[in-house]
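Model, not experiment: these values are computed from the prediction. Starting from 1, each residue takes its place in the sequence as its number.
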Amino acid sequence: MRALPLQYHCRLLNATEATIDRTWAYRLYDPFWRFYRNRDDGGVISGDDGEYPMRAGACMLVPAWGRFTTRCTGRVRHTYLHFDPVGLPSSWVR
């Protein structure tokens, strides 16, 4: 049996684990997707449709080209991945 080429996949741009604090305050609008997972409560993502607290242990996926701001209310152990979906139709990526 012949292996088929992978039609859809994600290209990992960055994978980091860090501790964020009150200095994690950004206005973002980027061409890549983000995956966040915090080990502690305290991070918040805000967009046009409201605020989303990042609860300890919960995962958050932020699509590309979305405008949002970040803030943090304390010291939070934070894991993040930046990635591009490859091969998906542009309407899915947006």
Any donor-acceptor N/O pair, R37 side chain to T79 backbone, under 3.5 Å: no
CG (D49) with more than 12 external heavy atoms under 6.0 Å: yes
Note, L61 side chain near W33 side chain (heavy atom, < 4.5 Å): yes
Over 12 foreign heavy atoms within 6.0 Å of CZ, R75: no
Distance (rounded to the nearest 0.5 Å) between M60 CE and I45 CD1: 5.5 Å
Sidechain-backbone polar pair: T73 side chain, G42 backbone, donor-acceptor under 3.5 Å: yes
From L28 atom CG to T69 atom OG1, the distance as rounded to the nearest 0.5 Å: 8.5 Å
Euclidean distance, T70 OG1 relative to H78 NE2, rounded to 0.5 Å: 8.0 Å
Set of residues satisfying ring pair (Phe, Tyr, Trp, His ring centres under 6.0 Å) with respect to F68, sequence neighbours excluded: none
D84 CG to H82 NE2 distance, which is reported to the nearest 0.5 Å: 11.0 Å
Pairwise distance CZ(R55) to CG(D41) - rounded to 0.5 angstrom: 6.0 Å
Step-by-step side-chain contact (heavy atoms from CB on, under 4.5 Å) determination, F83 to F32: CA-CA 6 Å; F83 64 93; F32 52 83; over 6 Å; no
Candidate pair R34 and Y36, rule side chain to side chain donor-acceptor pair (under 3.5 Å), full reasoning: CA-CA 6 Å; R34 296 166 185 266; Y36 292 141; 3.2 Å; yes
Pairwise side-chain contact, D30 with W65, heavy-atom cut-off 4.5 Å (strictly under): no
W24 and Y26 aromatic ring geometry - parallel, tilted or perpendicular at 30°/60° bounds: perpendicular
Spacing of C72 atom SG and D21 atom CG [to the nearest 0.5 Å]: 6.5 Å
